[in-house]
Trainee: 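Would you mind keeping the following structure in view while I ask a few things?
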Amino acid sequence: MKREKYFWPLSQSHHRALLAAKRAKEQLSSIPKGEEADQLKKTTAELKSLYEGELRQHFWDEERIMVVFEGRMGTGDPDVERIRKEHRLLESLLAQNTKESLLQFTETLVIHIRFEEDVFFGRMERAFTVADQKAVLEILPKT
């Protein structure tokens, strides 16, 4: 789906996260016998690096943009609450360091990103005024 230019940094970050989630899921799903601990450690490190290097700031930026959205539409929006809850869930899953939690992390991340791209970002684009768009541009990194 084509995004307004002011959302490009988030959509580009989503693309990188989807690729990382796919790679991690493949790694976790095909661990050779006897290499479980090493592969789990490697995949955990890769996902934590993704989180520390990009997703932590990405979540923060999205939550700041949702404040702009709430300023336009009011608080209590179920989509906003869903996204905030999923951010906390993703952080919790990553901290657990188990194969099961990391697989759930990858699956949840993909569903989360698809929801934002397919549903929520479109809602924000339709709701935002020019002033709101400028506020978003101030929040997001320049591309």
Trainee: Are Lys99 and Glu36 ion-paired here, with the side-chain N under 4.0 Å from a carboxylate O?
Mentor: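 Not counted as a salt bridge, because no side-chain N and carboxylate O are separated by less than 4.0 Å.
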Trainee: Can you tell if the side chain of Phe105 reaches within under 4.5 Å of the side chain of Gln96, non-hydrogen atoms only?
Mentor: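 A side-chain contact under 4.5 Å is absent here.
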Trainee: With a 3.5 Å distance limit and no angle check, can you tell me whether Gln39 reaches the backbone of Gln27 through a side-chain donor-acceptor pair?
Mentor: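 No, because the side chain of Gln39 does not come within donor-acceptor range (under 3.5 Å) of the backbone of Gln27.
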Trainee: Under the side-chain hydrogen bond (donor to acceptor under 3.5 Å, both in side chains) test against His87, which residue among Arg82, His58, Arg56, Glu63 passes?
Mentor: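 That would be Glu63.
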Trainee: If you count the non-hydrogen atoms of other residues, nucleotides and ligands that lie under 6.0 Å from CZ in Arg114, is the total more than 12?
Mentor: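 No, not enclosed.
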Trainee: Whether Glu138 and Lys134 form a salt bridge (side-chain N of Lys/Arg under 4.0 Å from carboxylate O of Asp/Glu) is what I want to check.
Mentor: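 The answer is no: the pair does not qualify as a salt bridge.
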Trainee: In Å, rounded to the nearest 0.5 Å, how long is the span from NE2 of His14 to CG of Leu55?
Mentor: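 Atom-to-atom, His14:NE2 and Leu55:CG are 8.5 Å apart.
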Trainee: Would you mind checking if Lys41 and Asp38 are paired as a salt bridge, meaning a charged N to carboxylate O distance below 4.0 Å?
Mentor: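 Here Asp38 does not pair with Lys41 in a salt bridge, since their nearest N and O are not under 4.0 Å apart.
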Trainee: Which atom names give the shortest non-hydrogen contact between Leu93 and Ser101, and what distance separates them?
Mentor: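 The answer is O-OG, 3.2 Å.
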Trainee: Under a single-linkage rule joining Ile, Leu, Val, Met, Phe, Trp and Tyr whose side-chain heavy atoms are separated by less than 4.5 Å, which residues share a cluster with Phe121?
Mentor: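 Besides Phe121, the hydrophobic cluster comprises Tyr6, Phe7, Leu10, Ile65, Met66, Val68, Phe69, Met73, Val80, Ile83, Phe115, Val119, Phe120, Met124, Phe128, Val136, Leu137, Ile139, Leu140, listed by chain and residue number.
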Trainee: Please examine the side chains of Thr43 and Leu47, heavy atoms only from C-beta on, and report whether any two atoms are closer than 4.5 Å.
Mentor: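 Yes, close enough: below the 4.5 Å cut-off.
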Trainee: If you apply the rule side chain to side chain contact (heavy atoms under 4.5 Å, CB included), what do you find for Arg3 with Glu117, and how did you get there?
Mentor: CA-CA 9 Å; Arg3 287 278 145 245; Glu117 289 289 339; 3.1 Å; yes
Trainee: Tell me whether Ser29 contacts the main-chain N or O of Glu26 through its side chain, where contact means a donor paired with an acceptor under 3.5 Å.
Mentor: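 Answer holds: no.
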Trainee: For Thr44 and Leu40, indicate whether the former's side chain and the latter's backbone hold a donor-acceptor pair under 3.5 Å.
Mentor: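 Such a contact is found between Thr44 side chain and Leu40 backbone.
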Trainee: If every non-hydrogen atom of Ser13 is compared with every non-hydrogen atom of Glu54, which pair is closest and at what distance?
Mentor: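 Heavy atoms only, the tightest pair is OG-OE2, 2.7 Å.
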Trainee: Nearest heavy-atom pair of Thr106 and Ala24: which atoms, and what distance?
Mentor: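 Residues Thr106 and Ala24, closest heavy atoms: CG2-CB, 3.9 Å.
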Trainee: Rounded to the nearest 0.5 Å, what separation is found between the CD atom of Glu125 and the CG atom of Asp132?
Mentor: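 If I round to the nearest 0.5 Å, the distance is 12.5 Å.
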Trainee: For Arg88 and Ser92: C-alpha separation, side-chain torsions, deciding distance, then whether side chain to side chain contact (heavy atoms under 4.5 Å, CB included) applies.
Mentor: CA-CA 6 Å; Arg88 302 298 82 77; Ser92 172; over 6 Å; no
Trainee: Does Lys25, at its NZ atom, have more than 12 non-hydrogen atoms belonging to other residues, nucleotides or ligands within less than 6.0 Å?
Mentor: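 No, NZ of Lys25 has 12 or fewer neighbouring heavy atoms, counting only those of other groups under 6.0 Å.
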Trainee: Give the C-alpha distance, both sets of side-chain angles, the deciding distance and a yes or no for salt bridge (charged side-chain N to carboxylate O under 4.0 Å, His left out) between Arg84 and Glu62.
Mentor: CA-CA 9 Å; Arg84 286 185 179 127; Glu62 283 180 344; over 6 Å; no
Trainee: Measuring from atom CD1 of Ile111 to atom CD of Glu116, what distance do you get when rounded to the nearest 0.5 angstrom?
Mentor: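 Separation between the atoms: 12.5 Å.
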Trainee: If every non-hydrogen atom of Leu109 is compared with every non-hydrogen atom of Leu90, which pair is closest and at what distance?
Mentor: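 Closest pair (atom of Leu109, atom of Leu90, distance): N-CD2, 3.6 Å.
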Trainee: I want to check something: taking the side chain as every heavy atom from C-beta on, are His112 and Leu89 in contact at a cut-off of under 4.5 Å?
Mentor: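 SC-SC contact between His112 and Leu89 ruled out.
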